[in-house]
Every structure is written in structure tokens, then in C-alpha cells.
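Below: one structure, written as C-alpha cells.
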Amino acid sequence: MNIYTDIHALVVGALQRITAEGGLPAGLDLSNVSVEPPRDPAHGDMATNAAMVLAKPAGMKPRDIADRLAAELASDPRIATAEVAGPGFLNLRLAGEVWAAVTRAVLTLGGDYGRSTLGQGRRINVEFVSANPTGPLHVGHTRGAVFGDALASVLDFAGFDVTREYYINDGGAQVDTLARSVYLRYLEAFGETVDFPAGTYPGDYLIEVGEALKAEVGDAYVGQPEDVWLAPVRDFSTDRMMVLIRADLASLGVTMDRFFSEKSLYGTGRIEAALKALDAKGLIYQGVLEPPKGKLPEDWEPREQTLFKSTDHGDDVDRPVKKSDGAWTYFAPDIAYHFDKIERGYDGLIDVFGADHGGYVKRMKAAVSALSDGRVPLDIKLTQLVKLYKNGEPFKMSKRAGTFVTLRDVVEQVGPDVTRFVMLTRKNDAPLDFDFDKVQEQSKENPVFYVQYAHARVNSVLRKAIEAGIAVDDASLAATDLSGMTHPAEIAMAAKLAEWPRLIEIAARTNEPHRIAFYLYELAGLLHALWNRGNDESGLRFLQEGDPVTSQAKIALARAVSVVISAGLGILGVTPVEEMR
RNA sequence: GCACCCAUAGCUCAGCUGGAUAGAGUGUCGCCCUCCGAAGGCGAAGGUCGUAGGUUCGAAUCCUACUGGGUGCACCA
């Protein structure tokens with residue numbers, strides 16, 4: 001049940017009847033007619049812009065259209081009043097029964113309330129994290145992991161068929177560096193003293209990998225030249241790293257549907273096939289790029305390379321796919337990977353990158369556009385930096401000083417639920433401040449706590465009601481008489497619940513899961529406000545002493561709020577708490 | 001030099017395919033807290049939505065140019 005789409009359909013139907021009766025010219029485009037919640041509650045429960053949008057094409061005054069529409073709508077039992085206001089808005093006030101119906105729908109549908117058919121089962125691939133398999137995930141990856149996972153969940157809830165995918169960059173030079181670093185730890189495990197030259201990874205986390213390698217192969221690689229051990233050590237090490245990364249993700253509650261190996265693209269003709277597809281469209285050529293304007297790289301020299309004509313698909317310059325020595329650039333397997341995703345038949349692709357990869361957006365979009373002939377949309381979401389604080393003081397990360405903050409560090413300190421919620425309290429493209437102390441504070445300014453507290457409070461009411469012998473299972477509550485739900489604070493809460501399905505669709509359309517976190521904070525705020533009013537006006541308390549019937553009605557509304565909070569937290573991957581401790 | 005992201009209350013940030021008098025938290029000020037869970041509550045003040053144009057019945061939202069901040073800029077993944 002989505003009351004906004006219901007009323008929207010009602011408005012469109014009314015407009016069509018008016019048109020049929022000659023009140024409006026035929027053939028008007030109604031697609032811009034919207035039904036929205038007004039900013040100011042004094043303007044009613046919903047407003048439609050129909051009269052303003054149609055005035056010009058119809059050649060009529062907005063007011064005349066609005067008056068006619070108001071008369072048409074007034075006959076529907078769901079509409080209490082329809083008033084023309086402002087420049088031509090039609091403000092609708094809904095009958096009390098509508099809010100009761102919303103509340104009942106929440107209680108009946110439970111966690112499925114708000115589920116949408118927007119996606120119509122279309123297949124979407126969300127690629128996220130995709131960190132190099134050279135070490136544990138750090139805080140930056142954490143944000144990408146949480147964002148991507150929550151986004152995938154929103155899309156799923158909105159009716160898309162979602163695949164969560166991780167692209168393992170195991171085909172490039174950095175995994176060779178990993179192998180060399182592990183080899184040094186391996187020698188160390190035999191008692192050798194080693195030092196780590198620049199360009200290797202000195203992190204402690206490789207010590208155990210070196211020891212594991214020793215346990216696996218004994219001294220087989222000691223004193224051997226690199227060409228003997230590099231490939232096997234590389235495979236061994238990347239496997240180990242992926243085990244580590246999967247465990248990191250698991251600690252956050254993130255499960256990928258698929259891990260796609262870059263290496264699997266090499267030597268299998270996949271890259272060649274992707275580039276051949278581009279070549280067939282006349283988008284591959286041999287050429288020399290112009291030097292970049294401004295500061296010139298010191299070793300710049302014109303080189304003939306194999307180039308992808310990405311400028312034909314919106315990029316600023318054409319991009320090399322082969323180095324001057326004939327080897328692939330990193331971009332080539334990326335093209336092949338996206339080609340693979342297109343060939344797997346997805347209706348849409350989403351890539352979640354860190355903000356430092358903003359420079360790749362245009363070329364990736366160009367590649368996907370070219371390879372799919374513009375059929376498969378690619379949306380790239382960039383997650384901005386996470387700034388760490390402790391007690392309000394900036395907390396600097398430094399690999400050398402050992403203050404490198406990993407995903408595991410964060411999760412172990414504040415828990416997965418807090419980590420996830422906090423990571424979604426900012427829009428993805430806004431920088432995020434993460435204060436280890438503040439996120440665990442129990443106060444109104446901490447949204448994690450505030451939302452959880454609302455959920456716990458409702459649970460507290462339910463417990464008390466059960467003690468008082470009142471039936472508060474969802475079926476009983478859904479069947480209760482809600483006609484007494486008339487207080488503005490109660491209506492406001494029901495109206496907020498009515499927005500939930502609409503919010504899901506907006507979040508899914510914009511690929512912005514943070515909207516859910518903000519919505520839950522607002523919904524929790526309404527519950528707290530009503531609770532507080534109950535302190536002064538005992539008639540507003542959920543539990544009415546000696547009046548089980550009224551109690552049931554009040555509790556039905558409170559329970560509906562906790563159902564939606566629970567569902568919303570579920571989409572964000574946060575476990576709702578039953579009690580605050 | 002170019003591209004992308006950002007600029008909204010003192011501070012941190014929301015703001016719906018363009019909608020009415022732009023919201024929240026925090027801070028400030030005033031009042032209140034024996035009462036289902038006060039790890040507070042109610043209210044007030046606080047804005048040229050970076051600047052200047054444009055499109056529109058209507059712009060924080062779309063377009064253009066500036067200003068200021070962040071990120072990235074040939075064979076590195």
C-alpha cells in the first residue's frame with residue numbers, strides 16, 4: 001500500500017474524467033502531475049500541482065482547473081477537503097480513515113510494508129569495495145562497503161533483482177609487490193633478517209602469511225630466483241588476502257554474491273574480445289595523445305599507443321588501452337570486466353568508487369555506453385572521505401606510525417550496527433566525520449541511539465501491555481478500532497508512516513540509501529515527541545490505565561512505527577535493539 | 001590549465017523527477033522536569049541557500065559565467 005500512488009491515481013483519473021466531459025482539452029500530458037506531502041502541515045496532508053502544470057498547455061487559468069478538480073475529487077471518500085491555495089495548488093486533507101488504513105497496512109504487511117514494484121524485477125549489478133587484495137580493508141573501504149550494501153538492499157526492497165559484486169584487482173603489478181613482500185616475510189620466518197625496500201608492503205599483517213607459506217611449502221623457495229616463486233607466492237598471497245577481506249566484510253555483515261577476478265580476464269581472450277567489440281564500432285585506433293595542459297609530466301614524450309575513442313561517448317580525451325610496450329593498461333581489463341557484466345544481461349550497472357577515483361567516471365561510462373550501444377545505464381557513486389575523530393580531536397592515520405585504522409578496528413570498537421548507521425548519516429558525496437566517542441553517545445544528537453531508542457521504547461510499551469493482559473500481537477492490533485486516532489501528533493506519525501513507501505522509491509531512484517537513515521531519524525523524532533506529550537497529557541500515553549481498548553489503538557500506532565523502524569534498519573543492515581542497556 | 005564533487009542558520013548537515021513562509025541537530029536565550037524509560041521537555045531568536053545572470057507560472061534544486069574548498073589528471077592498479 002502506497003497512499004501517494006493511490007491518490008496520484010485518483011487525481012489522474014479525475015483529470016481524465018474531466019477531459020472526457022470536455023472540461024479540459026484532450027491529449028494533455030499528465031506525466032508532470034505530482035502528489036506530494038506539503039512542507040507546511042497547515043497546507044493539508046497532500047498537495048497536487050495539477051492545475052499549475054496543465055494551465056499553460058490547456059490554455060486555462062490554474063484556478064479554474066483547480067476548482068473543477070477539487071469538485072471531482074471531493075466525491076471520493078478518502079478526500080476530506082480539497083482547497084485551492086497559493087498559485088494554484090490543490091491542497092488535500094485526507095479522511096481519518098486513511099490514516100487508520102495506513103496503520104493497519106503496516107501491521108498486516110509487517111516488514112514488507114513499503115516494498116515496491118518500481119524495479120519490476122529488472123536486474124541491477126552493484127559493484128562495490130573492490131579493494132586491491134593487498135591488505136586488510138580500512139575505513140575508506142568501510143564506507144564504500146556499507147554504502148554499496150545498503151544501496152543494494154534498497155534496490156532489492158524496491159523490486160530490483162540485485163547482484164552484489166566485488167572486483168578483485170589481482171591482475172596487476174600491485175599483487176606482484178604483495179608477493180615480494182610476502183616472500184620477505186617468508187624468509188623472515190626462517191630466521192633471516194630482512195628489510196623492506198620502498199615499494200613493498202611492510203605491514204605486520206603479512207607476517208602470518210609468510211609463516212603460512214613456510215608451513216605450506218617448507219624451504220622450497222629459499223634462495224630461489226624470483227621467476228621460480230613469484231607466480232605461486234602471488235596466488236597464495238592473494239588467496240590469503242581475499243580470505244582476510246571476506247572476513248572483514250563478514251564482520252560488517254556484508255556478503256557478496258560474486259567475486260570477479262581480474263586475472264581471469266587475462267589469457268582467456270576476454271580482454272581481446274572486449275576491445276574487438278569496440279574496434280568493430282570503429283572506436284579503437286593507433287594514435288598519439290596531446291600532452292596535458294598545465295604542468296607537464298617530466299618524462300613526457302609523445303608515444304604512439306592503442307587508444308579507445310572515448311570522446312565519442314562523452315569523455316574529455318581518448319584513453320590508452322595498451323602501453324607503448326604492447327601490454328594492456330589497467331583500463332583494458334576494466335573495459336573487459338564491464339563488457340562481461342553487460343553480456344551477463346544486466347539492465348543496469350552501478351559502480352561504487354572512492355572519491356579519489358572520480359577521474360575514471362567518464363571513461364567507464366564511455367566504455368559501457370559504447371559496448372552496450374547506450375542500452376545499459378551505468379551509475380557511478382563516489383563515496384567521500386571519512387575523517388576520524390576521537391574525543392573531538394582529529395585522529396590521523398599513518399601506516400608508519402601504526403595508527404592505520406582498519407575496518408576491523410572500527411567494528412571491534414563500536415560494533416557493526418553503529419558503524420553502518422553512522423556511515424549512512426551523510427550523503428555519499430559529502431565528507432563524513434566519524435568520532436569514535438560521539439557515535440557511542442546516548443543522546444539526541446546521535447542518530448543511531450535516537451532511532452534505536454525509539455524502537456526500544458515501543459518494545460517497552462509492548463512488554464508493559466502484555467503484563468497488563470492486553471493483546472498486542474500484530475494481528476490483534478491490526479483488527480482494533482482506530483477511529484479514536486485523531487490527535488494531530490498521532491496523525492502526523494501515521495502520515496509519516498504513509499511516506500515510507502514513497503521514500504523507498506525516491507531512495508531507489510536516486511541510489512541514495514542515506515535518505516532512509518534520515519527518514520528513520522525523523523520518524524523516531526515523532527515517536528519521541530508523542531511520548532513526551534504523553535508526559536503532560538495522560539490521554540496521549542500509549543498505555544491507558546484500565547482501558548485496554550483505547551490502549552490497543554494507541555499501541556497499534558506505536559507498534560506500526562517500530563515495524564517501519566525495524567524494516568528500515570534492516571535495509572541499512574542494522575539490527576534493531578529490543579532494549580537499551 | 002582541464003575534468004569531476006562540494007558551497008544552505010554561529011557550527012555539523014538534510015532538503016523529494018523544479019513547488020507555497022527553506023528544515024533538523026548542536027550552540028545561544030527564556031521557561032519547565034514528583035508523571036508509560038527526563039541517557040531531558042516546551043518555546044524564541046538566528047538565512048541576500050557562495051556571487052552575478054538566464055530558463056520557468058514558480059529555482060536551494062535546471063543552464064551559463066565567476067569566487068572559494070576538495071579530488072583526480074598520458075604507458076602507475
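Just so we're on the same page: letters track the sequence lines, and every chain starts at 1.
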Notebook entry, point to check: Going 5' to 3' along nucleotides 17-27 of chain B, which nucleotides have protein heavy atoms under 4.0 Å from the base (write B), which only from the sugar-phosphate (write S), and which from neither (write -)?
Noted result: --BB---SSS-

Note to self: For Val317(A) versus Ser310(A), what's the shortest heavy-atom pair and its separation?
What the structure shows: O-OG, 2.9 Å

Checklist line | Salt-bridge contact Asp176(A)-Arg234(A) (side-chain N to carboxylate O under 4.0 Å) | finding: yes

Check: Going by the side chain to side chain donor-acceptor pair (under 3.5 Å) test, which pairs reach into residues 517-526 of chain A, not counting sequence neighbours?
Finding: Lys496(A)-Glu522(A)

Note to self: Tell me the interatomic distance from Glu490(A), atom CD, to rC36(B), atom C1', rounded to whole angstroms.
What the structure shows: 14 Å

Checklist line | Pair Asp316(A)-Lys362(A), salt bridge (Lys or Arg N to Asp or Glu O under 4.0 Å): steps then yes or no | finding: CA-CA 8 Å; Asp316(A) 306 308; Lys362(A) 282 192 177 180; 3.1 Å; yes

Check: Gln286(A) and Thr306(A): side chain to side chain donor-acceptor pair (under 3.5 Å), yes or no, with the steps?
Finding: CA-CA 5 Å; Gln286(A) 298 294 317; Thr306(A) 304; 2.8 Å; yes

Between the protein and nucleotides 9-12 of chain B, which nitrogen or oxygen pairs are less than 3.5 angstrom apart?
{"unit_1": "rU12(B)", "atom_1": "O2'", "unit_2": "Arg426(A)", "atom_2": "NH2", "d": "2.8"}

Margin query: Taking any heavy-atom pair under 4.0 Å as a contact, classify Arg303(A): base, sugar-phosphate, or nothing.
Written below: base

Next item on the list: Could you give the distance separating rG15(B) and rA60(B) at their C1' atoms, to the nearest angstrom?
Entry: 8 Å

Notebook entry, point to check: Which whole-number value in Å describes the distance from Arg533(A) CZ to rC33(B) C1'?
Noted result: 17 Å

Item checked: Phe260(A) and Tyr337(A) aromatic centres sub-6.0 Å -> yes

Check: Distance between the C1' atoms of rG19(B) and rU12(B), in whole angstroms?
Finding: 28 Å

Next item on the list: Find the distance Leu520(A):CG to rA14(B):P and express it as a whole number of Å.
Entry: 16 Å

Margin query: On RNA chain B, compare the nucleotides closest to Pro302(A) and Tyr453(A); which residue's is nearer the 5' end?
Written below: Tyr453(A)

Check: In whole Å, what separates the P atom of rG23(B) from that of rG47(B)?
Finding: 14 Å

Next item on the list: For residues 550-562 of chain A, pull every pair meeting side chain to side chain donor-acceptor pair (under 3.5 Å), keeping only residues two or more places apart or in separate chains.
Entry: Asp474(A)-Arg559(A), Thr480(A)-Gln552(A), Glu490(A)-Lys554(A), Asp547(A)-Thr550(A), Arg559(A)-Ser562(A)

Notebook entry, point to check: Starting at OH of Tyr519(A) and ending at C1' of rC16(B), how long is that distance when rounded to a whole Å?
Noted result: 14 Å

Distances under 3.5 Å only, N/O to N/O: pair up the protein atoms with those of nucleotides 4-7 of chain B.
{"unit_1": "rC6(B)", "atom_1": "OP1", "unit_2": "Asp429(A)", "atom_2": "OD2", "d": "3.2"}

Notebook entry, point to check: Is there any salt bridge (Lys or Arg N to Asp or Glu O under 4.0 Å) pair reaching into residues 424-439 of chain A, and which pairs are they, with sequence neighbours excluded?
Noted result: none

Check: How far does the P atom of rC66(B) sit from the matching atom of rC57(B), given to the nearest Å?
Finding: 28 Å

Check: Any idea which of rA74(B), rG41(B), rC16(B) is nearest the Pro320(A) side chain?
Finding: rA74(B)

Next item on the list: Taking the side chain as every heavy atom from C-beta outward, state whether Val458(A) and Phe542(A) have any pair of such atoms under 4.5 Å apart.
Entry: no

Item checked: All salt bridge (charged side-chain N to carboxylate O under 4.0 Å, His left out) counterparts of Glu262(A), not counting sequence neighbours -> none

Item checked: Contact check, side chains of Phe331(A) and Pro320(A), non-hydrogen atoms, under 4.5 Å -> no

Notebook entry, point to check: Taking only residues two or more places apart in sequence or in another chain, which ones pass side-chain hydrogen bond (donor to acceptor under 3.5 Å, both in side chains) with Lys263(A)?
Noted result: Asp235(A)

Item checked: Proximity of Phe147(A) and His514(A) rings by center, below 6.0 Å -> no

Item checked: Of residues 541-552 of chain A, the positions that come close to RNA chain B - non-hydrogen atoms, cut-off under 4.0 Å -> Arg541(A), Phe542(A), Leu543(A)

Check: Touch check for Ser460(A), heavy atoms < 4.0 angstrom, all strands: base, sugar-phosphate only, or nothing?
Finding: base

Check: Under 3.5 Å, is there a donor-acceptor pair linking the side chains of Asn132(A) and Thr134(A)?
Finding: no

Check: What's the CZ-C1' distance between Arg319(A) and rG72(B), to the nearest Å?
Finding: 10 Å

Checklist line | Stem list, RNA chain B (Watson-Crick or G-U pairing under 3.5 Å, at least 3 consecutive pairs) | finding: B:1-5 with B:69-73, B:10-13 with B:23-26, B:28-32 with B:40-44, B:50-54 with B:62-66

Note to self: Using a 4.0 Å heavy-atom cut-off, does Asn132(A) contact any base of the nucleic acid, only the sugar-phosphate backbone, or nothing at all?
What the structure shows: sugar-phosphate

Notebook entry, point to check: Is Ser443(A) touching bases, backbone alone, or none of the nucleic acid, heavy atoms closer than 4.0 Å?
Noted result: sugar-phosphate

Note to self: Between Ser324(A) and Asp536(A), which residue's closest nucleotide on RNA chain B lies nearer the 5′ terminus?
What the structure shows: Asp536(A)

Note to self: So, OP1 or OP2 of rA38(B): does either fall under 4.0 Å of a side-chain N or O from Trp531(A)?
What the structure shows: yes

Notebook entry, point to check: With sugar-phosphate meaning primed atoms plus P, OP1 and OP2, does Ala55(A) contact a base, only sugar-phosphate, or nothing at under 4.0 Å between heavy atoms?
Noted result: nothing

Check: Judged by modelled atom types alone, do Asp170(A) and Ser261(A) share a side-chain donor-acceptor pair under 3.5 Å?
Finding: yes

Note to self: Taking rA7(B) as the reference, what is the distance to rG50(B) when you measure between their C1' atoms (whole Å, please)?
What the structure shows: 6 Å

Note to self: Without decimals, in angstroms, what is the distance between Asp356(A) CG and rA3(B) C1'?
What the structure shows: 15 Å

Item checked: Side chain proximity check, Leu275(A) to Trp328(A), heavy atoms < 4.5 angstrom -> yes

Checklist line | Interatomic distance at C1', rU21(B) relative to rC49(B), whole Å | finding: 15 Å

Next item on the list: Give one of base, sugar-phosphate or nothing for Glu301(A), where a contact means two heavy atoms less than 4.0 Å apart.
Entry: base

Notebook entry, point to check: Who are the ring-ring contact (aromatic ring centres under 6.0 Å, His included) partners of His141(A), not counting sequence neighbours?
Noted result: His138(A)

Note to self: With side chain to side chain donor-acceptor pair (under 3.5 Å) as the criterion, how do Arg303(A) and Gln305(A) come out once you've worked through the C-alpha distance, each side chain's angles and the decisive distance to 0.1 Å?
What the structure shows: CA-CA 6 Å; Arg303(A) 293 188 182 94; Gln305(A) 298 169 308; over 6 Å; no

Check: Is any side-chain nitrogen or oxygen of Arg457(A) closer than 4.0 Å to OP1 or OP2 of rA38(B)?
Finding: yes

Next item on the list: Report the distance from atom NZ of Lys496(A) to atom P of rC16(B), rounded to the nearest whole Å.
Entry: 13 Å

Check: What distance, rounded to whole Å, do you find between the two P atoms, one in rA24(B) and one in rC63(B)?
Finding: 29 Å

Item checked: side-chain hydrogen bond (donor to acceptor under 3.5 Å, both in side chains) partners of Arg515(A), counting only residues at least two apart -> Thr510(A), Glu512(A)

Next item on the list: Round to a whole Å and report the spacing from CG of Leu289(A) to C1' of rG1(B).
Entry: 17 Å

Notebook entry, point to check: rA9(B) and rA52(B): how far apart are their P atoms, nearest whole angstrom?
Noted result: 16 Å

